[in-house]
Amino acid sequence: MDKNTQKTSFGQWVSPISSLFIEAIAADMKTDRYIKKLNTRSFLQLLLFAQLEEVESLHALSDSLFND
C-alpha cells in the first residue's frame with residue numbers, strides 16, 4: 001500500500017453515504033440555511049469520526065483533529 005495515498009480509511013467508510021441524499025434532506029429541512037462553515041455533511045462526518053474514535057469530549061475531539 002502506498003504511504004502517500006489520498007484516500008484514507010475514514011474517507012472510504014464515508015464515501016458510500018450519498019451526498020446528494022444528505023443535501024436533499026438538508027434542503028427540505030432548511031438546516032443549512034444560515035450556516036457558512038459547518039454544514040450538515042461536515043457535521044455528519046465529524047460525528048462519525050468521533051464515534052469511530054470513541055472520543056470522550058469536544059475538547060478531546062478538537063485535540064484529535066488538530067494534532068494528527
Side-chain angles (χ1 to χ4, degrees):
M1 179 119 187
D2 188 15
K3 69 176 183 173
N4 296 323
T5 183
Q6 295 294 324
K7 289 189 175 185
T8 62
S9 297
F10 182 72
Q12 291 175 1
W13 293 330
V14 176
S15 65
I17 300 173
S18 173
S19 62
L20 295 176
F21 179 70
I22 293 172
E23 290 173 7
I25 290 175
D28 288 343
M29 294 183 165
K30 298 179 182 175
T31 56
D32 290 340
R33 190 175 206 177
Y34 299 108
I35 305 299
K36 292 184 180 178
K37 293 184 180 180
L38 186 63
N39 59 15
T40 303
R41 180 156 174 82
S42 299
F43 176 74
L44 285 175
Q45 289 177 344
L46 189 61
L47 186 70
L48 287 172
F49 176 78
Q51 184 68 29
L52 288 171
E53 293 293 321
E54 298 177 1
V55 179
E56 296 177 1
S57 66
L58 291 175
H59 292 289
L61 178 61
S62 177
D63 290 342
S64 68
L65 289 175
F66 291 118
N67 287 339
D68 290 337

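- In terms of hydrophobic clustering, with Ile, Leu, Val, Met, Phe, Trp and Tyr side chains grouped at heavy-atom distances under 4.5 Å, L52 and L47 are assigned to different clusters.
- A single hydrophobic cluster is seen to contain both L65 and L48, as judged by linkage of ILVMFWY side chains at heavy-atom distances under 4.5 Å, directly or through other members.
- A distance of 11.0 Å separates OG of S64 from CD of E56, quoted to the nearest 0.5 Å.
- A side chain to side chain contact (heavy atoms under 4.5 Å, CB included) with S42 holds for exactly one of N39, T40, L46; it is N39.
- Hydrophobic cluster membership differs between F49 and F43, with clusters built from Ile, Leu, Val, Met, Phe, Trp and Tyr side chains linked at under 4.5 angstrom.
- Rounded to the nearest 0.5 angstrom, L20 CG and I25 CD1 are separated by 11.5 Å.
- Counted within 6.0 Å of CG on L38, heavy atoms from surrounding residues, nucleotides or ligands total more than 12; the atom is thus considered enclosed.
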